[in-house]
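This report refers to the structure that appears directly beneath it.
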Amino acid sequence: MLRQFVAVAEELHFGRAAARLNMAQPPLSQAIKQLEILVGVQLLQRTKRFVRLTPAGSVLLEHARDMLAQEARAIESARLAAQGLIGRISIGFVGSVAYALLPRLLQDFRSRFPNIQVDLREATSKEQVESLLSRKIDVGIVRLPLPNVANLQVRVIERERFIAVLPAFHHLAAADSVILADLAEESFMIFPADRIASLHSKFLFACHEAGFTPRITLEAWQMPSMVSLVAAGFGTVLLPSQVRSLGHPGVVYKDINDASTNLDLEIAVVWRDDNMSAGVHSFLSVADPAAR
């Protein structure tokens, strides 16, 4: 009834208002009468010669326009949300993707879906799995392999390799690349097994495959700190290749020529089977390697 009232109030003519609404005039007149009964006051003065708003009708017109505009915005918002164009998504990520992959994904996502608000939560891969299952996040960006991924969907989105991070004064600093056996006598930093199990185990397996057991002198899990400690001479470390984006004058980054698959690293997006909301679908469309 508000839509009919606004049309009559703006046209001040039942015939023109009926044409505007694409309806017959008698039902329109009846709708206005019902609205006046509902409100309990006269909204329009009408004679054979003119239609005028009463003071009460003028007040209602202002509010009716606002209500109809709000209704239109609500409907449009619902449609955009269904298309994945607005809304909110909570994304977990491992810290080691924050230097190259994550900024690239977020830049692409914001350019394509600027009206979707993103909540970011740094957490280990294990913590993200727990958060997904408890519905605290919508999508996770994790390192493989993952334990206990029942009821979760996993899609690999990036592959990289370990590289060696050496102090700038290291005797191999000028080499084009290294093999792991070259580093057998080094003191190593390592990721803690309870926080970053995949990188911890892959490093150990790669060293064993190269014929030595690494001498571990320090555990750490923040890559910028590890790079700084290498620069200060506290040891050597193998890190994911995207650490190269952390330019540091005190270190050099070297590719490792060993063919070991334990040096190969996979990053994946993970989400729940029962959560294919438009926001999740939108993020997956950006994270899809084929699309990128």
Side-chain angles (χ1 to χ4, degrees), residues 91-106 120 122-129 132 139-149 152-166 177-183 186 188-210 212 214 216 218-227 229-230 235-248 251-271 284 286-290 292:
I91 302 173
F93 66 97
V94 289
S96 57
V97 304
Y99 310 103
L101 175 62
L102 183 63
R104 186 170 73 244
L105 289 178
L106 291 179
L120 293 174
E122 182 177 354
T124 66
S125 297
K126 178 182 177 182
E127 290 168 343
Q128 288 183 63
V129 169
L132 281 166
V139 176
I141 303 176
V142 301
R143 288 194 176 275
L144 300 181
L146 274 181
N148 304 323
V149 292
L152 295 178
Q153 293 292 322
V154 181
R155 178 191 298 169
V156 175
I157 60 171
E158 187 93 342
R159 289 180 170 87
E160 59 180 340
R161 280 175 61 85
F162 270 129
I163 60 172
V165 185
L166 310 175
S177 59
V178 298
I179 59 173
L180 273 181
D182 294 336
L183 307 176
E186 299 289 330
F188 283 95
M189 281 179 276
I190 190 172
F191 291 100
D194 61 338
R195 290 198 61 86
I196 310 180
S198 61
L199 297 184
H200 177 96
S201 59
K202 277 181 166 288
F203 165 73
L204 292 178
F205 288 146
C207 290
H208 292 160
E209 194 173 355
F212 69 96
I216 309 299
L218 184 65
E219 284 191 349
W221 63 282
Q222 295 282 359
M223 294 207 308
S225 299
M226 297 171 88
V227 170
L229 288 170
V230 170
T236 297
V237 65
L238 302 192
L239 293 178
S241 59
Q242 58 187 286
V243 75
R244 293 182 190 272
S245 61
L246 290 175
H248 195 300
V251 304
V252 291
Y253 301 110
K254 299 297 176 182
D255 291 332
I256 302 173
N257 287 336
D258 299 56
S260 172
T261 57
N262 287 306
L263 295 172
D264 297 329
L265 307 175
E266 291 185 321
I267 302 168
V269 289
V270 188
W271 68 96
L284 294 177
V286 171
D288 187 348
R292 291 188 281 119

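Sequence positions, counted from 1, serve as the residue numbers for this chain.
Leu229 meets the side chain to side chain contact (heavy atoms under 4.5 Å, CB included) test with Met189, Leu218, Phe234; sequence neighbours excluded. Partners of Gln242 by side chain to side chain contact (heavy atoms under 4.5 Å, CB included), not counting sequence neighbours, listed by chain and number: Val97, Ala100, Leu101, Arg143, Glu160, Ile267. Not counting sequence neighbours, Ser245 has no partner by the side-chain hydrogen bond (donor to acceptor under 3.5 Å, both in side chains) test. Asn262 pairs by the side-chain hydrogen bond (donor to acceptor under 3.5 Å, both in side chains) definition with Glu209, not counting sequence neighbours. Take Thr124 and apply the side-chain hydrogen bond (donor to acceptor under 3.5 Å, both in side chains) test, not counting sequence neighbours, and it matches Glu127. Contacts of Phe212 classified as side chain to side chain contact (heavy atoms under 4.5 Å, CB included), with partners at least two apart in sequence or in another chain: Leu180, Ala184, Phe188, Cys207, Ala210, Pro214. Remark: Arg161 engages Asp264 in a side-chain hydrogen bond (donor to acceptor under 3.5 Å, both in side chains) (not counting sequence neighbours). Shown here are the side chain to side chain contact (heavy atoms under 4.5 Å, CB included) partners of Pro192, two or more places apart in sequence or in another chain: Asp194, Arg195, Glu219, Trp221. Taking the salt bridge (Lys or Arg N to Asp or Glu O under 4.0 Å) definition, one finds that Arg159 meets it with Glu266, sequence neighbours left out.
For Phe203 against Ile190, the heavy-atom pair with the smallest separation is CD2-CD1, 3.5 Å. Across every non-hydrogen atom of Phe162 and Leu199, the tightest pair is CZ-O, 3.7 Å. Leu239 and Phe191 get closest at one heavy-atom pair: CD2-CZ, 3.3 Å. Contact record, Ser125 with Val94: OG-CG1, 3.4 Å, taken as the closest heavy-atom pair. Residue Thr261 comes nearest to Lys202 through the heavy atom pair O-NZ, 3.7 Å, listed as atom of the first residue, atom of the second, then distance. Across all non-hydrogen atoms, the minimal contact from Leu132 to Val139 is CD2-N, 3.9 Å.
The closest donor-acceptor contact from the side chain of Gln128 to the backbone of Ala123 lies under 3.5 Å.
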- Item | Candidate pair Val237 and Met223, rule side chain to side chain contact (heavy atoms under 4.5 Å, CB included), full reasoning | CA-CA 10 Å; Val237 65; Met223 294 207 308; over 6 Å; no
- Task: Any chance you could lay out the side chain to side chain contact (heavy atoms under 4.5 Å, CB included) test for Val165 and Met226, step after step, and finish with the verdict?
- Result: CA-CA 9 Å; Val165 185; Met226 297 171 88; over 6 Å; no
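Looking at Ile157 and Leu105, their side chains come closer than 4.5 Å, going by heavy atoms from C-beta outward. Contact of the Tyr99 side chain with the Arg244 side chain is not registered, since no non-hydrogen atoms from C-beta on lie closer than 4.5 Å.
The distance from atom CD1 of Ile163 to atom CD1 of Ile256, rounded to the nearest 0.5 Å, is 8.0 Å. A distance of 7.5 Å separates CG of Leu166 from NZ of Lys254, quoted to the nearest 0.5 Å.
For the side chain to side chain donor-acceptor pair (under 3.5 Å) test with Ser177, the passing option among Asp255, Asp182, Asn257 is Asn257; the others fail.
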